[in-house]
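Worksheet for the structure shown next.
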Amino acid sequence: MAERQTANTIRFTFRKHERLCPQIAIGQLIREGKAINHFPFRLVYCEAGDRKNTPSSHVQLAISVPKRNFKRAVERNLLKRRIREVYRINKSSLYQVVQAQNISVNLLLVYVSTESSSYNEIERKLVSLRQRLSKRFE
């Protein structure tokens with residue numbers, strides 16, 4: 001039999017309720033959000049209002065790789081997959097900080113470089129970016 005998940009078990013998932021999908025929310029985030037630049041990323045964030053539909057998720061994320069920088073969809077999709085995977089593995093400490101402050105946060109992660117990056121480079125940059133964001137909420 002499979003073991004049951006306990007409350008202390010960390011689940012490395014990136015589910016639908018953790019994704020920032022509505023165009024209205026993304027537009028509001030771009031207009032009113034604050035930005036952190038850490039090449040090759042630009043992170044736009046803002047505190048969200050009440051989340052009636054998804055109370056279990058305190059952080060919602062949208063990922064953007066601009067078409068003007070990467071014309072081929074294959075390249076854009078590869079970068080988005082790498083970014084999602086790094087976020088999925090390393091999100092737990094950000095969640096702990098946000099839950100401790102009892103806030104909800106919307107994030108938009110934009111890949112601004114015109115060069116493709118390796119998984120290890122993306123991981124290193126996103127971890128340091130996550131640490132900078134966590135310091136702003138503490």
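The residues of the chain are indexed from 1 along the displayed sequence.
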Exercise for review: Give the minimum heavy-atom separation between R132 and N37, together with the two atoms involved.
Suggested key: NH1-O, 3.3 Å

Revision key, fill the gap. Between N69 and S113 the two heavy atoms that sit nearest each other are ND2-O, 3.7 Å

Return a table of donor-acceptor pairs under 3.5 angstrom between the side chains of residues 22-36 and protein atoms on other chains or two or more places apart.
from: Q28; atom 1: NE2; to: E32; atom 2: OE1; distance (Å): 3.2
from: R31; atom 1: NH1; to: G27; atom 2: O; distance (Å): 3.3

Measuring from atom [atom1] of [X] to atom [atom2] of [Y], what distance do you get when rounded to the nearest 0.5 angstrom?
X    : Y    : atom1 : atom2 : answer
S64  : K80  : OG    : NZ    : 7.5 Å
L129 : N90  : CG    : CG    : 11.5 Å
K125 : N120 : NZ    : CG    : 13.0 Å
L126 : L133 : CG    : CG    : 11.0 Å

Are the side chain of [X] and the backbone N or O of [Y] linked by a donor-acceptor pair below 3.5 Å?
X    : Y    : result
R76  : K67  : no
Y111 : S117 : yes
E75  : S116 : no
E18  : R15  : yes

Practice item. Go through the structure and list residues passing side chain to side chain contact (heavy atoms under 4.5 Å, CB included) with V112, not counting sequence neighbours. Key: F39, R42, V110

**Study point:** Presence of salt bridge, R82 and E85, under 4.0 angstrom
**Key:** no

Check your understanding: Do L78 and Y119 belong together in a cluster built from hydrophobic side chains that touch within less than 4.5 Å?
Key -> no

Exercise for review: Answer yes if I89 and V127 sit in the same cluster of Ile, Leu, Val, Met, Phe, Trp and Tyr residues linked by side chain heavy atoms under 4.5 Å apart, and no otherwise.
Suggested key: no

Practice item. Applying side chain to side chain contact (heavy atoms under 4.5 Å, CB included), run through S104 and V59 and close with a yes or a no. Key: CA-CA 6 Å; S104 294; V59 179; over 6 Å; no

Is there a side-chain contact between [X] and [Y] in this structure, where contact means two heavy atoms from C-beta onward sitting under 4.5 Å apart?
X    : Y    : result
R19  : R84  : yes
V105 : L107 : yes
F41  : I83  : yes

Check your understanding: I63 and L61: side chain to side chain contact (heavy atoms under 4.5 Å, CB included), yes or no, with the steps?
Key -> CA-CA 7 Å; I63 298 171; L61 173 74; 3.9 Å; yes

Point to revise | Residue pair T13, K91: steps toward the side chain to side chain contact (heavy atoms under 4.5 Å, CB included) verdict | key: CA-CA 9 Å; T13 60; K91 70 180 180 178; 4.0 Å; yes

Revision key, fill the gap. With sequence neighbours left out, the residues meeting ring-ring contact (aromatic ring centres under 6.0 Å, His included) with F14 are Y87

Exercise for review: Test side chain to side chain contact (heavy atoms under 4.5 Å, CB included) on L20 and L108 and set out the steps.
Suggested key: CA-CA 8 Å; L20 184 62; L108 173 63; 5.7 Å; no

